[in-house]
Each structure stands twice: as C-alpha cells, then as structure tokens.
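Read the structure below first, then the notes.
These figures come from a predicted structure and were not determined experimentally. First listed ligand is number 1; within each ligand, the first listed atom is number 1. Because only heavy atoms are used, hydrogens play no part in the values below, and waters and symmetry mates are left out as well, while side chains stay in.
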Amino acid sequence: MERLDKILSDAGFCSRRDCARLVRRKLVTVNGAVASNASDKVEDDASIEVDGVAIVRRRRVVCMMNKPRDFVTSTEDPISRTVMELLPEDLLRQGVVPAGRLDKDTEGLLVFTNDGDLLHRLISPRHEVSKTYLVRHEGSVTENEIQKAKEGIVLKDGTVCKGAEIKRVEDGLSTITIREGMYHQVKRMFAALGCHVLELKRISIGSLNLGDLETGSVRELTQEEIALLED
Ligand code: URA
C-alpha cells in the first residue's frame, strides 16, 4: 500500500501538491471510484486514472554502483563520460538518479533510486547519513589529527566541519566517516590536516557497504539492504 500522492509523483505525473489539487477537483479515480484524499493509501494493484488517463506505476528501484574514476556524477556532460552511461537500459527506463555525488576522480559506492523520499533522505543534510571513505594520502595522521577530526576540522576557508571519525589503517591510508556532504569535503578536510589526498573511495553509506562489487558494476539492492538505508 502506498499513498496516492506518492504514487503519482513517483510516476513522474505531478508533484504531491498538484495531486491534492487534482483530487479536490475530483479528477482522480482509484479502481473506478473518485478518490477523496491525496494521502489515502492505495493497494499495489489498484488502477489509477487522472482525468481518464491511466497512470503507469513505476516499480521502486534502488541500486548501487561501484563508480570508477573518470566518470562524472551527472545525468549529462558535454565532455566526460557520466555514471548514467554505466547503468543498464532497464534501470535507466525506471528513472533512477544518483543519490548524491562523487568527484570525477573518486571511486566507490554510489546509490541510485527512483524513490523521491529515499533520495531526499539520503541527500538531505538534516538526516546526517554517515558516509565512510577509504583515503590514500600523503603524510600520516596522528592521534592529534584524529582528535581534531572528532572536534570538527576547520577548513582552509574557515568552514567548521561536523565531528568526523578518522581511523588510521597504515601510513598514508586512513578511513574517515563524515555526516555531511560539502563540495570536495574529504579532500579539503585532509588538506586542512596537511595531508594531500591521492586516492579516494567511498566504501559505505550508513550501514550499507560496497562489499566486493566490481568497479563499474551495478546491482539492485535487496529489501534488507534498502531497509539499512531507511533506518
Ligand atoms: N569528498 C570529496 O572530497 N570528494 C568526494 O568525491 C566525496 C567526498
């Protein structure tokens, strides 16, 4: 069961607000009966029409990619190849878009979905979804830097970051978990610590891990994995 206004907006038919207007004007029917409320929940197999036009419901799709370097996270680009070019045709047809961005030279976990609510949850700063990166960098991080990250690194332009967790893996290799998504954030955080970033790979979003998905590959998430993102 799903709300009528969500079904219409996910189908790309209209915004939720416009759906409410259409319902008030008695233009929306569910299984032939005029709908009384845009927030009403509707059975998965219900037939919905707006002013006599049948709505084709979209299957909810959530998938992950192991993004390779040299691809931009954008739906179109005049020069570079885009992550959309790596998506199979059937997923593209379902209208999935990337939930957030990785830099052109960053690899790793990128989630795509056609579910507007999940997309908003993953990218809205309010939800503070954690993202963990594996960072190859010049220099090495000390206890002092780890502590600074916990308290909030001050970027070179004066921006104060939220507390982050850095773990040293070995000399020149660390992980960092952040709960915000500013432009070039990890590179700028490490630069503020005096460690130039050489390679960056996102390895998890919330409790969802990239695992052993091959570089450039895409797969749909299981229901359990989707639940991890909705937690
Ligand atoms: N931080 C960066 O600097 N780059 C990314 O691609 C992601 C996080």
- Which bit of Val197 gets closer than 4.0 Å to ligand 1, counting heavy atoms only: side chain, backbone, both or neither? neither

- Query: For atom 1 (N) of ligand 1, what is the nearest protein heavy atom, given as residue, atom name and distance?
  - Reply: Val186 N, 3.1 Å

- Message: Please determine whether a side-chain nitrogen of the Lys or Arg among Lys162 and Glu128 lies less than 4.0 Å from a carboxylate oxygen of the Asp or Glu.
- Response: yes

- Can you check whether Thr106's main-chain N or O pairs, donor with acceptor, with Arg202's side chain at less than 3.5 Å? no

- Is there a heavy atom in Tyr133 that sits closer than 4.0 Å to ligand 1? yes

- Which residue holds the protein heavy atom closest to atom 4 (N) of ligand 1, what is that atom called, and what is the gap in Å? Asp103 OD2, 2.7 Å

- Query: Is the backbone N or O of Leu102 less than 3.5 Å from a side-chain atom of Thr73, with the two atoms forming a donor-acceptor pair by type?
  - Reply: yes

- Query: Quick one: does ligand 1 sit under 4.0 Å from the side chain of Thr106, the backbone, both or neither, non-hydrogen atoms only?
  - Reply: side chain

- Identified salt bridge (charged side-chain N to carboxylate O under 4.0 Å, His left out) partner of Arg60 from the options Asp115, Asp10, Asp117: Asp115

- Check the surroundings of atom CZ in Arg59: do more than 12 heavy atoms from other residues, nucleotides or ligands lie under 6.0 Å from it? yes

- Within the structure, does His184 bring an N/O atom to less than 3.5 angstrom of an N/O atom in ligand 1? yes

- Atoms of ligand 1, numbered as shown, that sit under 4.0 Å from any heavy atom of Leu200: 1 (N), 2 (C), 3 (O), 4 (N), 5 (C)

- Give me the one residue out of Leu119, Leu91, Val218, Val83 that meets side-chain contact (heavy atoms from CB on, under 4.5 Å) with Phe112. Val83

